[in-house]
There are 2 protein chains.
Amino acid sequence: MDMARAPTTFDSFNAVAEPCRRQVLGLLATGELPVNDLVNSLGWHQPQVSKHLRVLLQVGLVRVRRAGRQRLYSVNAAPLKPIHDWASTFEHLWQHQLDRVKQRAEAKAVLIQERDGVYRMGPVKK
Amino acid sequence: MDMARAPTTFDSFNAVAEPCRRQVLGLLATGELPVNDLVNSLGWHQPQVSKHLRVLLQVGLVRVRRAGRQRLYSVNAAPLKPIHDWASTFEHLWQHQLDRVKQRAEAKAVLIQERDGVYRMGPVKK
DNA sequence: ATATTATATACCCATAATGGAATATGTCAA
DNA sequence: TTGACATATTCCATTATGGGTATATAATAT
């Protein structure tokens, strides 16, 4: 009665959660490639590569084209946009976070400067 | 000897692959909330909410603060930036894709206009 | 037709995640 | 201390993953 965990083919979020699949997409980003090229570049077993490609294909992240006995895979990035858009929703939050970190660093720098007497304008009164 | 699938606590990609967890983050995006508020808003069983929060906590996507007998959770968006950045890598690809779609639509529109004789400048020669 | 190359599929195993229900822990109030 | 409230943890059953190995399918060459 329960779905133990959303299948990897459920959506691009799940498909891309697997680091291996991101690697594959990374290689395909430059252009279409036959399976064997991926096998060689990645150093994995061929069935493994095919299986990852299958998942990517099912969520529409790659396309295939037959060329002789090869199959040329290429990226179809569209399904990544929802991920990007979703993450963007939180962008202002991590910006603030980084700002705070920066401010704290700057505040600390000021303290250090004061301690060391750097940038002190007038004559230091004993 | 194998990891059947990367644990959900392996990284933010995996933690966020679960739609429920994205919902939780969505609610927390506006500000910190006690568990019970999440339970009420989401309509899930309390343990379920706690368990999802635990995963989010382990990958650093949320922070907790004790307040009396409540625990106030808030978003820590920093771990989402890698996801956003990774997706950005492919942005130009889906842009092109969209451009092509747009161009095709425009080309089609032109054909329709020609067929219908709309926007024709001079007198139509029989 | 057969051998060879390129890729996909089937099968097995260990791992683990999810929801549900029950229960434990922690904190405050009387 | 006892009770009530807020949250976390444990146990269970179901499901599906990812790697490995072996095998099936498809296309080309001889």
Side-chain angles (χ1 to χ4, degrees), chain A residues 1-25 27-28 32-74, chain B residues 1-25 27-28 32-74:
Chain A
M1 195 191 279
D2 23 35
M3 193 160 28
R5 189 173 176 182
T8 53
T9 53
F10 182 69
D11 58 20
S12 41
F13 280 92
N14 281 280
V16 154
E18 173 69 22
C20 300
R21 241 116 53 190
R22 293 201 296 278
Q23 270 190 268
V24 171
L25 287 178
L27 286 177
L28 293 178
E32 68 180 359
L33 287 176
V35 179
N36 244 339
D37 280 24
L38 292 171
V39 171
N40 292 328
S41 298
L42 296 164
W44 307 341
H45 292 267
Q46 175 266 314
Q48 223 52 33
V49 175
S50 283
K51 279 189 274 189
H52 282 302
L53 286 170
R54 181 131 182 63
V55 173
L56 292 173
L57 191 61
Q58 289 190 15
V59 296
L61 276 168
V62 297
R63 296 210 174 296
V64 219
R65 187 170 69 87
R66 307 177 93 115
R69 37 183 154 184
Q70 298 189 322
R71 301 215 183 171
L72 303 179
Y73 282 85
S74 55
Chain B
M1 195 192 277
D2 23 35
M3 196 161 23
R5 189 172 175 182
T8 53
T9 53
F10 181 68
D11 59 18
S12 41
F13 280 92
N14 280 280
V16 154
E18 174 70 22
C20 300
R21 242 119 50 194
R22 292 202 296 278
Q23 269 190 268
V24 171
L25 288 177
L27 287 177
L28 292 178
E32 69 180 359
L33 286 176
V35 179
N36 245 341
D37 281 24
L38 292 171
V39 170
N40 292 328
S41 297
L42 297 164
W44 307 341
H45 291 268
Q46 175 267 314
Q48 225 52 32
V49 175
S50 283
K51 279 188 274 189
H52 282 302
L53 286 171
R54 180 131 183 63
V55 173
L56 292 173
L57 191 60
Q58 288 190 16
V59 296
L61 275 167
V62 297
R63 297 210 174 296
V64 218
R65 188 170 69 87
R66 306 176 93 115
R69 36 184 154 182
Q70 299 189 321
R71 302 215 183 171
L72 302 179
Y73 283 85
S74 54

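Just so it is clear: chains get the letters A, B, ... in the order the sequence lines come, proteins before strands, and each one is counted from 1. Keep in mind that what you see is a predicted model, and the values were worked out from it rather than measured.
Judged purely by atom type and a 3.5 angstrom limit, A:R21 uses its side chain to pair as donor or acceptor with the backbone of A:A15. A donor-acceptor pair under 3.5 Å is formed between the side chain of B:R22 and the backbone N or O of B:V16.
Contact between the side-chain N/O atoms of A:Y73 and the OP1/OP2 oxygens of C:dA8 is found at a separation under 4.0 Å. For D:dA22, neither phosphate oxygen OP1 nor OP2 lies less than 4.0 angstrom from any side-chain nitrogen or oxygen of A:H45. Taking only side-chain nitrogens and oxygens, A:R5 never comes nearer than 4.0 Å to OP1 or OP2 of D:dT17. For the OP1/OP2 pair of C:dT9 and a distance below 4.0 Å, the side-chain nitrogens and oxygens of A:R54 include at least one atom meeting the criterion. Residue A:N36 places no side-chain N or O under 4.0 Å from the OP1 or OP2 atom of C:dT5. Checking the phosphate oxygens (OP1, OP2) of C:dT18, a side-chain nitrogen or oxygen of B:R21 falls inside 4.0 Å. At the phosphate of C:dG19, OP1 or OP2 sits under 4.0 Å from a side-chain N or O atom of B:Q48. Residue B:S50 places none of its side-chain N or O atoms closer than 4.0 Å to OP1 or OP2 of D:dT7.
Here the P atom of nucleotide D:dT7 and the CH2 atom of B:W44 are 16 Å apart, to the nearest Å. Separating the NE2 atom of B:H52 from the C1' atom of D:dT9 is a distance of 15 Å, rounded to the nearest angstrom. Protein atom CG of B:L53 is 7 Å distant from nucleotide atom P of D:dA8, rounded to whole Å. The separation between B:L33 atom CG and D:dA6 atom P is 15 Å, rounded to whole Å. With rounding to whole Å, B:Q58 atom CD is found 13 Å from C:dA16 atom P. If you take CZ of B:R71 and C1' of D:dC5, they are 14 Å apart, rounded to a whole angstrom. Between the CZ atom of B:F10 and the P atom of D:dT17 there is a distance of 18 Å, rounded to whole Å. For B:K51 and C:dA16, the NZ to P distance is 17 Å, given to the nearest whole Å.
For C:dT5, the base has a donor-acceptor partner in the side chain of A:R69 [N/O atoms by modelled type, under 3.5 angstrom]. In terms of polar N and O atoms assigned as donor or acceptor, the side chain of B:Q46 never comes within less than 3.5 Å of the base of D:dA6 in a complementary pairing.
Residues A:G68 and A:C20 both approach DNA chain D. Their nearest nucleotides, taken by heavy-atom distance, put A:C20 toward the 5′ side. In terms of position along DNA chain D, the nucleotide closest to A:E18 lies nearer the 5' end than the nucleotide closest to the other residue of the pair A:Q70 and A:E18.
B:S12 and B:L61 make their closest contact through CB-CD1, 4.1 Å (heavy atoms, listed as atom of the first residue, atom of the second, distance). Closest approach of A:L72 to A:A67, counting heavy atoms only: CD1-CB, 3.9 Å.
Among the heavy atoms of the strands lying under 4.0 Å from B:P34 are primed sugar atoms or P, OP1, OP2 only; no base atom is included.
Side chains of A:D37 and A:N40: no donor on one and acceptor on the other come within 3.5 Å.
Between B:V24 and B:W44 there is a side-chain heavy-atom pair separated by less than 4.5 Å.
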